[in-house]
Amino acid sequence: MAGSVRRPEQTGPPELFYNEDEARKYTQNSRIIDIQSQMSERAVELLCLPEDQPCYLLDVGCGSGLSGDYITEQGHHWVGIDISTAMLDVALDREVEGDLILGDMGQGVPFRPGTFDGCISISALQWLCNADKKSHNPPRRLFRFFTTLYSALARGSRAVLQLYPENAEQLELVTAQAMRAGFTGGMVVDYPNSTKAKKFFLCLFAGISGVLPKGLGEMSAEQGVTHQASFIKER
């Protein structure tokens with residue numbers, strides 16, 4: 001694949017990439033804010049939360065709290081976890097409504113079983129596919145993340161994780177570790193035929209399998225194209 005632009009996760013660990021300069025963009029760059037807000041809105045929509053009922057949500061890779069703003073607007077409560085102190089400082093300066101925790105998702109999410117009614121994550125999961133340290137093993141870190149996330153979710157709830165996969169191998173790695181951890185579900189792809197608008201959402205069911213939502217902008221079935229990839233838990 002041609003191109004000399006390196007992906008952010010290839011430049012180093014996230015706690016270094018998301019420094020003060022990068023964090024500032026999430027309060028000053030209107031394009032970044034708009035994209036983040038749109039993906040957050042879509043992720044919450046895919047959670048299929050009950051109407052008129054406040055829920056308790058986990059935001060993994062919460063950053064400056066832009067996703068949390070939308071969760072708050074919808075009447076829900078949330079906790080955010082992020083590895084970047086600079087991003088969390090921005091969230092504190094913005095006085096977001098959610099509780100904030102400094103932590104590495106690859107070491108697991110530190111919550112009691114059944115704590116959350118759902119989980120979203122925007123642009124964070126692909127960072128676990130890279131080994132930033134000699135001690136990092138991507139499959140092991142993904143499995144640790146998914147097993148602890150599965151435990152922290154109430155049975156019957158969902159996790160919707162938006163990611164930017166580098167290739168098909170990364171998609172297979174991520175979904176395989178999620179399945180090993182007990183999840184069912186699959187990948188929902190919005191606008192699959194658009195280079196710029198195409199978005200991947202890993203939609204996971206904890207305990208009770210559901211119907212995988214359809215991606216936005218899908219071609220019709222008559223055209224013989226599907227943009228969902230589902231998997232089930234099998235031994």
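In what follows, residues are counted from 1 in the order of the sequence shown.
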- Query: Any side-chain heavy-atom pair from R141 and F143 closer than 4.5 angstrom?
  - Reply: no
- Would you please indicate if the ring centroids of F183 and Y150 are separated by under 6.0 Å? yes
- Query: Is the side chain of T147 donor-acceptor paired with the backbone N or O of R144 at a distance under 3.5 Å, no angle test?
  - Reply: yes
- Message: Would you compute the distance between atom CD1 of I35 and atom OG of S123 and round it to the nearest 0.5 angstrom?
- Response: 9.0 Å
- Task: Show your working on side chain to side chain contact (heavy atoms under 4.5 Å, CB included) between R158 and C48 and close with a plain yes or no.
- Result: CA-CA 8 Å; R158 298 185 182 192; C48 295; 3.4 Å; yes
- Item | Sole candidate of L153, L149, I71 that passes side chain to side chain contact (heavy atoms under 4.5 Å, CB included) when paired with L58 | L149
- Distance-minimising heavy-atom pair for S157 and G118: CB-N, 4.3 Å
- Query: Is the closest side-chain heavy-atom distance between Q177 and P139 below 4.5 Å?
  - Reply: yes
- Side chains of W78 and L100 in contact at under 4.5 Å (non-hydrogen atoms): yes
- Message: Let's go through L163 and M187 carefully: what are the C-alpha distance in whole Å and the side-chain angles of both, what is the deciding distance for side chain to side chain contact (heavy atoms under 4.5 Å, CB included) to 0.1 Å, and is it a yes or a no?
- Response: CA-CA 10 Å; L163 69 156; M187 197 68 66; 4.1 Å; yes
- Message: Donor-acceptor pair, distance only, cut-off 3.5 Å: does the side chain of D82 make one with the backbone of G63?
- Response: yes
- Query: If we only count heavy atoms from C-beta on, is the Q36 to I33 side-chain gap below 4.5 Å?
  - Reply: no
- Query: Tell me, do L49 and H76 make a side-chain contact under 4.5 Å, heavy atoms counted?
  - Reply: yes
- Query: Tell me, do V188 and R42 make a side-chain contact under 4.5 Å, heavy atoms counted?
  - Reply: yes
- Check whether any side-chain heavy atom of C129 sits under 4.5 Å from a side-chain heavy atom of V174, and report yes or no. yes
- Euclidean distance, F111 CZ relative to Y56 OH, rounded to 0.5 Å: 7.0 Å
- Message: Would you say the rings of Y164 and F200 are close, in the sense that their centroids are separated by under 6.0 Å?
- Response: no
- Message: To check you understand the geometry: which heavy-atom pair defines the closest contact between S121 and D59, and what is its length?
- Response: CA-OD1, 4.4 Å
- Query: Would D190 and K198 count as a salt bridge (Lys or Arg N to Asp or Glu O under 4.0 Å) if you check the C-alpha gap in whole Å, the side-chain angles of each, and the deciding distance to 0.1 Å?
  - Reply: CA-CA 6 Å; D190 284 353; K198 186 176 184 179; over 6 Å; no
- Item | Minimum-distance pair of heavy atoms, taken over all atoms of V160 and C203 | CG2-SG, 4.2 Å
- At their closest point, which heavy atom of L171 faces which heavy atom of T175, and how far apart are they? O-OG1, 2.8 Å
- Message: Show me the pairs that pass salt bridge (Lys or Arg N to Asp or Glu O under 4.0 Å) and involve residues 60-74, at least two apart or across chains.
- Response: D69-R94
- Working to the nearest 0.5 Å, report the span between CD of Q74 and CG of L47. 11.0 Å
- Between CD of E41 and CG of L46, what distance do you get to the nearest 0.5 Å? 11.0 Å
- Rounded distance (nearest 0.5 Å) linking atom SG of C119 with atom CD1 of I81: 10.0 Å
- Message: I need the L88 CG to C62 SG distance, nearest 0.5 Å.
- Response: 5.0 Å
- Query: Are there more than 12 heavy atoms of other residues, nucleotides or ligands under 6.0 Å from atom CD of E45?
  - Reply: yes
- Message: If I compare all heavy atoms of V90 with all of S64, which pair ends up nearest, and what's the gap?
- Response: CG1-CB, 3.6 Å
- Query: Do the side chain of T148 and the main chain of V109 share a donor and acceptor less than 3.5 angstrom apart?
  - Reply: yes
- Message: side chain to side chain contact (heavy atoms under 4.5 Å, CB included) for L161 and F201? Distances and angles first, verdict last.
- Response: CA-CA 5 Å; L161 315 170; F201 294 87; over 6 Å; no
- Indicate yes or no for a side-chain donor-acceptor contact from D99 to the backbone of V79 under 3.5 Å, with no hydrogens or angles considered. no
- Pairwise side-chain contact, L216 with V189, heavy-atom cut-off 4.5 Å (strictly under): no
- Task: Decide yes or no on side chain to side chain contact (heavy atoms under 4.5 Å, CB included) for E166 and Q126, but give the supporting numbers first.
- Result: CA-CA 8 Å; E166 184 176 359; Q126 70 269 7; over 6 Å; no
- Item | Check: Q170 side chain, P165 main-chain N or O, donor-acceptor pair, under 3.5 Å | no
- Item | Residue pair G61 / A124: nearest heavy atoms and the distance that separates them | CA-CB, 4.1 Å
